[in-house]
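Worksheet: the structure to be examined is printed underneath.
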Amino acid sequence: MTIENCTKKDFLTNNKDRFGIIENPNSEEFLDICVQNVRCIGKKHIRTSIPLPSINGVLNNCHGIVSYPGEIDTDYASFRVTDAKEELVDCMTEHPGVRVTVNGQIVVRSMPNTVGCNPCPPTYIAIPVQVVDEVLYDFFSTKDGSYIQDLKTELPYIEGSCMVVQLNCSIYKDTSGPCPRYVARIRGNVVDKLWKKENIWIEGIRPYPEDSITFCDTFSPACPYDDDGSYSSCDATR
């Protein structure tokens with residue numbers, strides 16, 4: 001049975017052991033929930049190329065030298081977000097907006113050529129960059145997709161914001177100029193969402209019994225990374 005042909009109840013029933021559901025869920029019911037309802041969406045299309053520091057100091061008159069242990073592997077590239085924020089600006093003017101800032105790290109892989117070491121393990125290097133620091137003025141309504149002519153009319157209802165960061169990274173070697181460089185090409189979208197807390201009725205299924213207790217918490221962002229950009233371990237204390 002495919003998900004497309006499943007009802008919500010069938011899907012939860014078929015997967016109740018995997019999802020920790022003890023009894024078969026009841027049919028759909030009306031639920032009253034308080035949520036962050038997104039009213040406006042703005043988008044920043046990212047198409048940027050960032051030169052990486054020069055390699056091993058062998059190039060003359062090139063600033064930003066980093067001692068890589070070998071050649072950069074252009075088949076590997078990774079980008080991870082380290083911090084992002086939004087803030088309302090120009091609220092007292094005729095043209096308010098939202099300043100969006102996204103900082104991150106470009107992770108490159110260097111392949112050493114060491115005598116007597118075959119194959120040599122790669123080295124991963126994280127290079128901090130700022131991807132976007134810009135004010136967004138163009139927003140669209142989630143109700144009908146229409147362009148919001150005057151953001152000031154929406155601001156009295158807006159209580160917060162969140163961002164969706166969708167970025168891909170690739171590495172290439174640019175030899176067109178007098179100073180050959182490896183360049184990181186970053187493409188994607190940063191989507192800014194302005195929300196208002198609202199009480200909403202929805203139709204859904206309550207998978208766990210009403211007498212169960214649900215706890216919520218927020219993870220700390222201070223989770224260490226390995227050099228290749230993957231998680232190593234996280235401090236689970238709260």
Side-chain angles (χ1 to χ4, degrees), residues 38 41-59 62-87 89 97-113 119-140 160-177 179-195 218-236:
V38 176
I41 292 181
K43 180 194 71 175
K44 170 62 180 176
H45 189 46
I46 305 298
R47 293 185 60 85
T48 184
S49 296
I50 301 175
L52 303 184
S54 304
I55 300 174
N56 299 333
V58 299
L59 302 174
C62 297
H63 298 287
I65 295 175
V66 171
S67 181
Y68 296 116
E71 285 294 317
I72 298 298
D73 181 4
T74 56
D75 291 332
Y76 174 89
S78 175
F79 176 81
R80 64 189 185 197
V81 176
T82 55
D83 65 271
K85 65 179 181 180
E86 309 122 290
E87 59 178 340
V89 295
V98 179
R99 178 175 291 280
V100 174
T101 306
V102 178
N103 296 309
Q105 292 178 334
I106 298 169
V107 181
V108 299
R109 181 165 64 186
S110 178
M111 308 300 293
N113 297 315
C120 295
T123 299
Y124 294 89
I125 303 168
I127 302 171
V129 295
Q130 184 172 79
V131 178
V132 60
D133 182 14
E134 187 172 322
V135 178
L136 303 183
Y137 294 105
D138 296 330
F139 285 83
F140 296 86
S161 63
C162 64
M163 265 195 291
V164 178
V165 180
Q166 311 169 89
L167 296 177
N168 294 315
C169 181
S170 61
I171 302 292
Y172 70 95
K173 190 173 184 178
D174 182 10
T175 59
S176 60
C179 180
R181 285 286 182 90
Y182 286 96
V183 179
R185 180 189 288 115
I186 299 178
R187 301 288 187 267
N189 289 331
V190 174
V191 182
D192 191 51
K193 300 184 178 184
L194 307 182
W195 52 258
T218 302
F219 290 121
S220 169
C223 293
Y225 287 95
D226 290 331
D227 289 337
D228 63 354
S230 62
Y231 284 110
S232 55
S233 61
C234 290
D235 184 1

First locate atom [atom1] of [X], then atom [atom2] of [Y], and finally report the distance between them rounded to the nearest 0.5 Å.
| X | Y | atom1 | atom2 | result |
| --- | --- | --- | --- | --- |
| N168 | S78 | CG | OG | 10.0 Å |
| K44 | M163 | NZ | CE | 13.5 Å |
| F79 | I186 | CZ | CD1 | 5.0 Å |
| R99 | E87 | CZ | CD | 6.5 Å |
| I41 | S161 | CD1 | OG | 12.5 Å |

*Given K193 and V191, is the side chain to side chain contact (heavy atoms under 4.5 Å, CB included) satisfied, shown in steps?*
CA-CA 7 Å; K193 300 184 178 184; V191 182; 4.2 Å; yes
Just list the side-chain donor-acceptor pairs under 3.5 Å for residues 45-52, sequence neighbours left out, or say none.
| unit_1 | atom_1 | unit_2 | atom_2 | d |
| --- | --- | --- | --- | --- |
| H45 | ND1 | G188 | O | 3.3 |
| H45 | ND1 | N189 | OD1 | 2.8 |

*asked:* So does C162 get a backbone contact from the side chain of E86, meaning a donor-acceptor N/O pair under 3.5 Å?
replied: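 Confirmed, E86 side chain pairs with C162 backbone.
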*Where is the tightest heavy-atom contact between Y76 and V107, given as atom of each residue plus distance?*
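Looks like CE2-O, 3.6 Å.
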*Heavy-atom closest pair, residues A77 and C169*: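 Closest heavy-atom pair between A77 and C169: CB-O, 3.5 Å.
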*Could you point out which residue of N103, T82, T101 forms a side chain to side chain donor-acceptor pair (under 3.5 Å) with Q130?*
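Output: one option passes, namely N103.
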*Should V81 and V131 count as side-chain neighbours, where that means a heavy-atom distance under 4.5 Å?*
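No, every pair of side-chain atoms sits at 4.5 Å or beyond.
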*Mind checking what makes side-chain hydrogen bond (donor to acceptor under 3.5 Å, both in side chains) contact with R187, not counting sequence neighbours?*
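Here no residue qualifies.
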*Contacts of Y172 that satisfy ring pair (Phe, Tyr, Trp, His ring centres under 6.0 Å) - sequence neighbours left out*: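 Per chain and number, Y172 pairs via ring pair (Phe, Tyr, Trp, His ring centres under 6.0 Å) with no residue.
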